[in-house]
Amino acid sequence: MIRVTGQNTLRMVQELGDFALFSSRAFTAAVGSRKIGRRIVRAIYEQGVRCVPVIVIVGLFTGLVLGLQGFYVLNRFGSEGLLGTLVSLTLVRELAPVLAALMLVGQAGSALAAELGIQRNSEQIDALETMGASTHAYLISPRFIAALLVFPIQTAVFSLVGLFGGYLSGSVLLNLQSGVYWSAVYNAVQPEDVLECFTKAAVFGLLTIAICAYNGFNAHRRRGSTGARAVSASTTRAVVLSSIVVLAADYIITSLLVHKP
Amino acid sequence: MSAPTPDLDLFLDIRGVHKRFGDNVVLAGIDLAVPRGSVITVLGKSGTGKSVFLKCLAGIVRPDAGEICFDGHALNASNAAARAEFRRRCSYLFQGNALLDSLTALENVALPLEQTTQIPNREIRERSLEALRQLDLDKHRDRYPSQLSGGMQKRLALARAIVTRPELVLFDEPTAGLDPIRRNHVFEMIVKYQRQFGFTAVLVTHDLPEALVASDQVALLDAGRMQFQGTPEAFRLSENPMVCAFRDSSHALRDTVAALRRGETVTTEEEL
């Protein structure tokens with residue numbers, strides 16, 4: 001048992017080292033890579049534009065539910081006027097970055113892991129390596145750069161749509177004065193809240209893309225599974241790990257950035 | 001094993017290459033000498049490690065032991081410059097073609113030039129179109145690999161392999177899954193472009209008749225080692241038991257089928 005624990009620990013440490021190297025190489029390889037702009041645009045489309053409908057729908061319903069729940073809770077204390085404060089701070093500080101990242105894991109992250117896994121399986125990555133091309137510069141770097149650019153914007157969209165959802169349930173459905181709602185939103189959200197939101201978005205985006213790309217890229221190294229099963233296993237692992245890491249990173253960043261009264 | 005004469009200008013010199021996967025020893029000391037400008041075919045049954053051998057040459061799989069010298073320079077992990085030089089001068093034709101399915105035919109052919117050279121875009125396009133034209137694919141330049149037939153995909157992979165004007169091309173089962181007519185056509189293409197561009201070619205295949213016609217030298221890989229290397233004529237005349245078994249497999253099949261038709265009991269090699 002001690003031996004197995006030791007072997008697993010060593011394997012984990014080795015994999016963490018591999019992951020760190022993989023991620024750092026993805027950044028450094030981008031420098032001077034030819035036609036990388038075109039690949040970044042494509043990655044922005046895949047990771048950003050294609051995810052917008054999901055982000056809008058989930059953001060809207062999150063805001064609607066927050067508005068509804070918040071209204072009745074605050075109503076017990078006669079504080080419905082604080083609905084805008086509750087919805088905006090909950091969304092901007094917490095729910096928008098986390099939920100947007102989880103949506104992204106499910107849509108862009110899983111697609112990325114599966115695509116790279118299939119490329120590995122069909123020797124497309126080997127082909128790039130044998131021709132002397134940098135696989136990191138060609139396949140991974142554009143996704144990293146796109147993630148840095150796109151995730152904060154998506155999180156902002158999620159927040160705005162969520163605030164609108166809170167307005168719909170609070171003001172349109174439950175008759176809270178719209179001026180009261182929007183002025184509470186305006187007064188509650190401070191620049192440091194927006195900074196926290198964007199910091200989280202950028203970190204979650206990078207972590208998600210790095211984990212999904214790493215797992216897809218190394219699909220052939222999974223023990224006990226080959227071919228299509230290796231692709232499915234690596235995609236599942238990428239999604240599960242990314243989700244856990246996003247939540248863990250959320251706690252760490254929140255504990256570092258939380259604004260104490 | 002028949003060795004090539006020592007005064008040959010060796011482009012690739014492979015000595016004692018070993019590779020194992022867990023307990024499975026695939027290559028148990030491979031030696032192969034590849035003269036410059038020649039077409040050399042590595043023959044062998046399925047599962048004898050021909051593709052692993054070729055991947056060791058290309059650097060996709062790292063050998064456990066042994067030495068691979070390319071144009072006088074050892075290729076190993078510590079010699080990154082030699083490895084990079086090898087990649088610049090070498091192309092690899094994968095068994096499954098390994099075309100990038102999200103790129104068009106033209107983009108696939110242009111890819112190695114775009115990613116590994118500083119050639120201007122206009123020249124890249126001209127050279128890629130020329131490679132497509134040489135392989136009768138210029139009408140299909142905007143199609144994706146999935147929209148091309150198997151033979152066209154093979155030609156496209158060959159166009160991508162020659163567009164960089166390599167000095168060494170490694171062909172992994174270039175005729176796998178093709179009918180006899182297309183198989184002949186692929187071998188014709190290999191010989192034609194080898195003559196035209198003068199590259200050195202290393203093929204692995206189990207298509208014996210075509211290999212004997214198209215190659216300057218053949219080698220037989222079995223039981224993890226090269227059991228034979230020599231000219232096609234020497235292969236035809238060899239009395240090496242492994243060469244005989246491989247060479248005469250079609251006769252053996254004919255005898256087995258005839259015996260089965262006569263109602264006799266036959267024990268196949270696999271059953272043994």
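Sequence lines set the chain letters: A, B, ... in the order given, protein chains first and strands last, and positions in each chain run from 1. Atom set for the values below is all heavy atoms of this structure, side chains included, hydrogens, waters and symmetry mates excluded.
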Between chain A and chain B, which N and O donor-acceptor pairs fall under 3.5 Å? A table would be great.
residue   : atom : partner   : partner atom : Å
Arg34(A)  : NH1  : Thr117(B) : O            : 2.9
Arg34(A)  : NH1  : Ile119(B) : O            : 3.0
Arg34(A)  : NH2  : Ile119(B) : O            : 2.3
Arg34(A)  : NH2  : Asn121(B) : OD1          : 3.0
Lys35(A)  : NZ   : Glu114(B) : OE2          : 2.9
Glu123(A) : OE2  : Lys55(B)  : NZ           : 2.7
Gln124(A) : NE2  : Asp101(B) : OD2          : 3.1
Glu129(A) : O    : Arg87(B)  : NE           : 3.2

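Only the side chain of Leu128(A) comes within contact range of chain B, with at least one heavy atom under 4.5 Å from a heavy atom of that chain. In this structure, chain A has a heavy atom under 4.5 Å from the backbone of Leu113(B), while its side chain stays farther away. Of the atoms belonging to Ile60(B), it is side-chain heavy atoms, and not backbone ones, that fall under 4.5 Å from chain A. Interface remark: Leu93(B) contributes no atoms to any contact with chain A (heavy atom separation under 4.5 Å).
The environment of Phe164(A) atom CZ is sparse: at most 12 non-hydrogen atoms of other residues, nucleotides or ligands sit within 6.0 angstrom. The neighbour count for Phe61(A) CZ, taken as heavy atoms of other residues, nucleotides or ligands under 6.0 Å away, does not exceed 12.
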